[in-house]
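Numbers for residues simply follow the sequence, beginning at 1.
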Amino acid sequence: MSSLQNIAVAGATGNLGTYIINALLSPTFRPKFGEIIALSRSATSDAAKALIARGVKVVEIDIQNVDSLAEALKGIDVFVDAIVSTPDTTTASSNFIKAAAKSEVKLYIPSEFSFDYQRIDFEHPFWEGKRAIAEEAIKAGLRVARISVSAFLEDSFSSALDTNRFTLSFAPTRSLHLALT
């Protein structure tokens, strides 16, 4: 048995999950983990097949079935929930928490990849949902790692601007370039 930790990523074929999986497969991080498992609604999608070709084990899941989620998380040390956290996905995250606790996952990383909502002094359903999920995970006995990365600019600008008229790109200097067309 490997002494390396096994990691599972829910939403691995989605927007954020793809970045997480790519990072885990990079030469910097790949040697640090045992098995990398992608939890996906479809193990036969093109995105899932691409992950399989790169050595990722893809497990098809039903986010409504806690028992099947718990089975998928057996032997997992670190579980990353990369499904976008919205009031509509709270049930999925709640089911992930129940399954992770049942499977004795050692570390749960909730879908909090955004601002540090704990520092925001106003109520909003988006932040309240994140708070509720983190609290539920802690109450379930899970060890929780919250990751705050700031805003995703493409999401922030898309509600204010016509995304068909602009593109965002980051230069190697780490500066932001916004081009309106």
Side-chain angles (χ1 to χ4, degrees), residues 5-26 28-30 33 35-66 68-73 76-100 103 105 107-117 124-134 136-137 142 144-159 161 163-164 166-170:
Q5 293 188 338
N6 296 323
I7 186 165
V9 180
T13 58
N15 186 34
L16 177 60
T18 299
Y19 288 107
I20 293 170
I21 289 288
N22 286 339
L24 292 171
L25 292 173
S26 73
T28 302
F29 294 106
R30 184 61 193 106
F33 292 99
E35 194 165 35
I36 297 174
I37 298 173
L39 303 179
S40 177
R41 289 175 292 178
S42 172
T44 59
S45 70
D46 290 342
K49 288 176 184 176
L51 290 177
I52 293 167
R54 295 175 67 198
V56 175
K57 179 180 177 182
V58 176
V59 176
E60 191 166 304
I61 58 167
D62 173 359
I63 60 175
Q64 301 302 320
N65 187 327
V66 174
S68 72
L69 291 173
E71 185 64 31
L73 292 173
I76 296 299
D77 300 294
V78 180
F79 174 48
V80 181
D81 179 356
I83 293 178
V84 176
S85 181
T86 68
D88 295 335
T89 60
T90 302
T91 300
S93 292
S94 183
N95 286 347
F96 286 144
I97 290 165
K98 292 172 188 160
S103 300
V105 167
L107 180 66
Y108 172 65
I109 302 174
S111 183
E112 294 195 4
F113 307 97
S114 182
F115 290 109
D116 183 355
Y117 64 84
H124 187 278
F126 184 73
W127 309 120
E128 296 307 314
K130 289 182 180 290
R131 281 188 187 101
I133 290 299
E136 182 180 347
L142 293 171
V144 177
R146 298 172 175 168
I147 300 175
S148 299
V149 296
S150 195
F152 291 100
L153 293 176
E154 64 274 16
D155 293 335
S156 299
F157 283 125
S158 66
S159 63
L161 297 172
T163 56
N164 294 321
F166 74 92
T167 58
L168 293 173
S169 64
F170 294 90

Item to check | Side-chain donor/acceptor of Asn95 to backbone N/O of Val66, under 3.5 Å | outcome: no
Item to check | Contacts of type salt bridge (Lys or Arg N to Asp or Glu O under 4.0 Å), residue Glu71, not counting sequence neighbours | outcome: Lys74
Checklist entry - For Phe79, what residues pass the ring pair (Phe, Tyr, Trp, His ring centres under 6.0 Å) criterion, not counting sequence neighbours? => result Phe96, Tyr108
Checklist entry - Can you list every side chain to side chain donor-acceptor pair (under 3.5 Å) pair that touches residues 49-65, not counting sequence neighbours? => result Asn22-Arg54
Checklist outcome for this item: Taking every heavy atom of Ser94 against every heavy atom of Ile133, the minimum-distance pair comes out as N-CD1, 4.0 Å
Checklist entry - When rounded to the nearest 0.5 angstrom, what distance separates CD in Glu35 from CD1 in Ile76? => result 6.5 Å
Checklist outcome for this item: For Ala99 and Leu69 the tightest heavy-atom approach is CB-CB, 3.5 Å
Checklist entry - Which residues satisfy the side-chain hydrogen bond (donor to acceptor under 3.5 Å, both in side chains) test with Ser42, sequence neighbours excluded? => result Thr44
Checklist outcome for this item: Residues passing the side-chain contact (heavy atoms from CB on, under 4.5 Å) test with Arg30, sequence neighbours excluded, are Leu25, Phe33, Ile36
Checklist entry - What closest approach, in Å, do Ala12 and Val9 show between heavy atoms, and which atom pair accounts for it? => result CB-O, 3.5 Å
Checklist entry - By side-chain contact (heavy atoms from CB on, under 4.5 Å), which residues pair with Ala47, not counting sequence neighbours? => result Thr13, Ser45
Item to check | Residue list, side-chain contact (heavy atoms from CB on, under 4.5 Å) with Thr28, at least two apart or on another chain | outcome: Ser26
Checklist entry - Going from CD1 on Ile109 to CD1 on Ile20, what distance comes out if it is rounded to the nearest 0.5 angstrom? => result 8.0 Å
Checklist outcome for this item: Correct closest heavy-atom pair for Ala145 and Pro110 would be O-CD, 3.3 Å
Checklist entry - Do Asn6 and Ile37 pass the side chain to side chain contact (heavy atoms under 4.5 Å, CB included) test, and can you show the C-alpha distance, the side-chain angles, and the key distance before you say yes or no? => result CA-CA 8 Å; Asn6 296 323; Ile37 298 173; 5.6 Å; no
Item to check | For Ala23, side-chain contact (heavy atoms from CB on, under 4.5 Å) partners two or more places apart | outcome: none
